[in-house]
Amino acid sequence: MWNRDMLSRVTVFMLWLLFSSWVFSVSATVSYDSKAIIINGRRRILLSGSIHYPRSTPQMWPDLIAKAKEGGLDVIQTYVFWNGHEPSPGKYYFDDRYDLVRFIKLVQQAGLYVHLRIGPYVCAEWNFGGFPVWLKYVPGIVFRTDNGPFKVENFDYLIAAMQKFTEKIVSMMKAEKLFQTQGGPIIMSQIENEFGPVEWEIGAPGKAYTKWAAQMAVGLGTGVPWIMCKQDDAPDPVINTCNGFYCENFTPNAKYKPKMWTENWTGWFTEFGGAVPTRPAEDIAFSVARFIQNGGSFVNYYMYHGGTNFGRTAGGPFIATSYDYDAPIDEYGLPREPKWGHLRDLHKAIKLSEPALVSADPTVTSLGSNQEAHVFKAKSGACAAFLANYDTKYSVKVTFGNVQYDLPAWSISILPDCKTAVFNTARLGAQSSQKKMVPVNSAFSWQSYNEESPSADDQDATVKDGLLEQIYVTRDASDYLWYMTDVQIDPNEGFLTSGQDPSLTIWSAGHALHVFINGQLSGTAYGELDNPKLTFSKNVKLRAGINKISLLSIAVGLPNVGVHFETWNAGVLGPVTLKGLNEGSRDLSKQKWSYKIGLKGEALSLHTVTGSSSVEWVKGSLLVKKQPMTWYKTTFNAPGGNEPLALDMSSMGKGQIWINGQSIGRHWPGYIARGACGACDYAGTYSDKKCRTNCGEPSQRWYHVPRSWLNPSGNLMVVFEEWGGDPSGISLVKRTTGSVCADIFEAQPTMKNWGMLASGKINRPKAHLWCPPGQKISEIKFASYGIPEGTCGSFSEGSCHAHRSYDAFQKNCIGKQSCSVTVAPEVFGGDPCPDSMKKLSVEAACN
Ligand code: GAL
């Protein structure tokens, strides 16, 4: 029997249970107010970086995350890639590079948060913007609008539209207890992606869809906030956020929402045929400081590590295989210096200022015609100041709190105590480094196999009247679709005797085309990012009787952006005409065409060990070189060491590469980068066309080979070459540090000097140089104390140079892994120009 005492004890226990569960849930909340995201009751300034899990290997993940943490990030942001997870309706895949749960748990283990951008539309230069291609063929579907089949109303249970996939991901995260409210790392999610501009174009159905998407997401009860980026009308409680190179003028759509920046582009993506964009670290740091000084509280670097579009995951068309993005961690997983280190120092300065930033609104005062101070003064006494110089040309001295501060052009100094400048966005304190690609194996013994062009009467070809859209036929199972037809030429045709060959004109919606006449490659045409359409027009050799015309149409990544991009076509849509015949011109578009999806070599799985042994390859003197449509294979041993590896494909044209059955991606070094490249001044508004490299060279020469895809010996490498290349020019290279540089101003604010500066001691910065483990400083390639010019790798002496600039480095550094030298006149034999602000630039070779 229960007595009173027992009952009251049970009641107390129950109350305690209730209380403790309440305490527990209170202790794991994520909310927000006008200032910031609030995690467990604390407003936070959050620094975040995008790392897309399928763009690296699971073996790389722990190190990438560790480097992100060391770089001062609090959050890892990733999209969720629907087409990787649901390759066919209802068949899910979450293994290997698509092991989303494993990725999130690794982030959690590192003690970082996750911002999960479910989309499921993601853009991201990813094939079809993340949508599975089968989705396009769901009857009645229209993407990203108020459309039943797209949103939810699918009566066929196998078909998953947006809601079903979003639910699937959310319930998976819940089952693994990955939301912050469950003790997991996910503090925020995202629905849709930059839908605002699309809504603006499509009007009412777009507005209805936005409302629906927000309600649907919020209804999933994740317990953490949802955001919509570039969506000014994001309905409450969803937070609208900013994407761009700058976001300081952004304001959210309600006073009670924080000012957040979900994509600060750290560079830009590379397209085949385009120059390679880079963005100076000084400008990124400036943009971040400018956002924070205007009350911003969340900044995400898109990308922090860009990685690689392995396989056929690149969007486009024409997005390159490398998605390096000039990000702070390079494609290979190595810190890109000075960007990584400069942003790390910026993050430290912001974190030192956090107590003031989260508790006060900034007071803005003018310090000059183009200069301002933003001061955050909290009731607690905490004070942080940002001193900004927006001038794009001139550095200025400003006075703030009776102290003088030097502000270089286009820069912001951060004073976490309103007194001491610990960081200036334009002063690179971090060491920079130059990477080099060192060949480790160039002597592969190649074998070749010829991919014959098929013909219209092949048994396994499908025959149709007229020309068909490419993706409709291939469902993107392959880049390749053959269009084949026969052309009858009468023996009385005038051109047969006049020698005036008829001209063949082919209009294609893209993206690339090889034209074969009677088995011979007659020519190639291809489009470009801004205009994937192409026209092939050429005089062709035809003979009396039947002529076989085989067109190999190639899709180079499906579009990932644009209003209703799902309706954009690919392939030979015609007309296809032959001019210069007795009859004048003949339209071939409506006649019978035969279709074949993919290559013979693909059907045979030549990229695999078993597949590749199913055909006869030739080698030695019989090896075929510089011939289009050729497969090459070789085996090789993995090089020792742990440096990242890549293939130098500069001797090849266009095609695809596999190692041990894994697709390295599309290669296209034959597509030379157009456009203007030139000197890049960090100061002034950045755009993706401003600072570019590789003009006149291949857009992409090197292709990342993840170490974890290699066995110690007997690795099978297979290359399919469309254009004709010389495989003997292919080499396996390792990525190592070529040289390291320090580029440092006298009297420069640095984090290391924080203690000294705060205690009023003189600021004498040190130049630190260090080579990676296993490498030593072998040579001082350049040293100048004075007013040197240029950047790491291209320094030169300027108008002022101390004649003993090299000495201290020669003495202290050669033969060592690391060294440091104080930047002061006496160290370099005296002050070479006493009235000027001097700096030291030094470059040392690592070997
Ligand atoms: C944004 C988009 C990203 C990515 C980026 C360019 O507009 O949200 O997914 O495509 O542009 O790299």
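One-based numbering along the sequence shown. Counting convention: from 1, in listed order, for ligands and their atoms alike.
Partner of D324 under the salt bridge (Lys or Arg N to Asp or Glu O under 4.0 Å) criterion, out of R55, R336, R735, R279: R336 alone.
Residues satisfying the ring-ring contact (aromatic ring centres under 6.0 Å, His included) test with H347, not counting sequence neighbours, are Y301.
Remark: ligand 1 and C123 share no N or O pair separated by less than 3.5 Å (distance only, no angle test). Residue contacts with ligand 1: Y79 is placed with a nitrogen or oxygen under 3.5 Å of a nitrogen or oxygen of the ligand (distance criterion only). Here's the thing with V122: one of its N/O atoms is less than 3.5 angstrom from an N/O atom of ligand 1. Between R117 and ligand 1, a contact under 3.5 Å exists for no N or O pair. Ligand 1 has an N or O atom lying under 3.5 Å from an N or O atom of N193, backbone or side chain. Of the polar atoms of Y325, at least one N or O is found under 3.5 Å from an N or O of ligand 1, judged by distance alone.
Protein heavy atom in closest approach to atom 10 (O) of ligand 1: E125 OE2, 2.6 Å. In this structure, the protein non-hydrogen atom closest to atom 7 (O) of ligand 1 is E194 OE1, 2.4 Å. Nearest protein neighbour of atom 1 (C) of ligand 1, counting heavy atoms only, is E263 OE1, 3.1 Å.
Atoms of ligand 1 found under 4.0 Å from any heavy atom of W268, numbered from 1 in the order shown, are 6 (C). Ligand-side atoms of ligand 1 in range of F269: 12 (O), range being under 4.0 angstrom from any heavy atom. The contact set between ligand 1 and Y302, taken as ligand atoms under 4.0 Å from a residue heavy atom, comprises 3 (C), 4 (C), 9 (O), 12 (O).
The shortest distance between side-chain heavy atoms of V288 and I350 falls below 4.5 Å.
At least one donor-acceptor pair under 3.5 Å links the side chain of Q700 to the backbone N or O of S322.
The proximity of Y323 to ligand 1, defined as any non-hydrogen pair under 4.0 Å, is limited to the side chain.
Y92 carries K168 over the face of its six-membered ring, with the cationic atom under 6.0 Å from the centre and within 45° of the normal. A cation-pi arrangement is present between R475 and Y137 under the rule of less than 6.0 angstrom and at most 45 degrees off the ring axis.
Using modelled atom types, one finds a donor on one side chain and an acceptor on the other under 3.5 Å when comparing W61 with S56.
Between C242 and C229, a gap of 2.5 Å or greater is found separating the two SG atoms.
A salt bridge does not link E176 with R102: every distance from a Lys NZ or Arg NE/NH1/NH2 to an Asp or Glu carboxylate oxygen is 4.0 Å or more.
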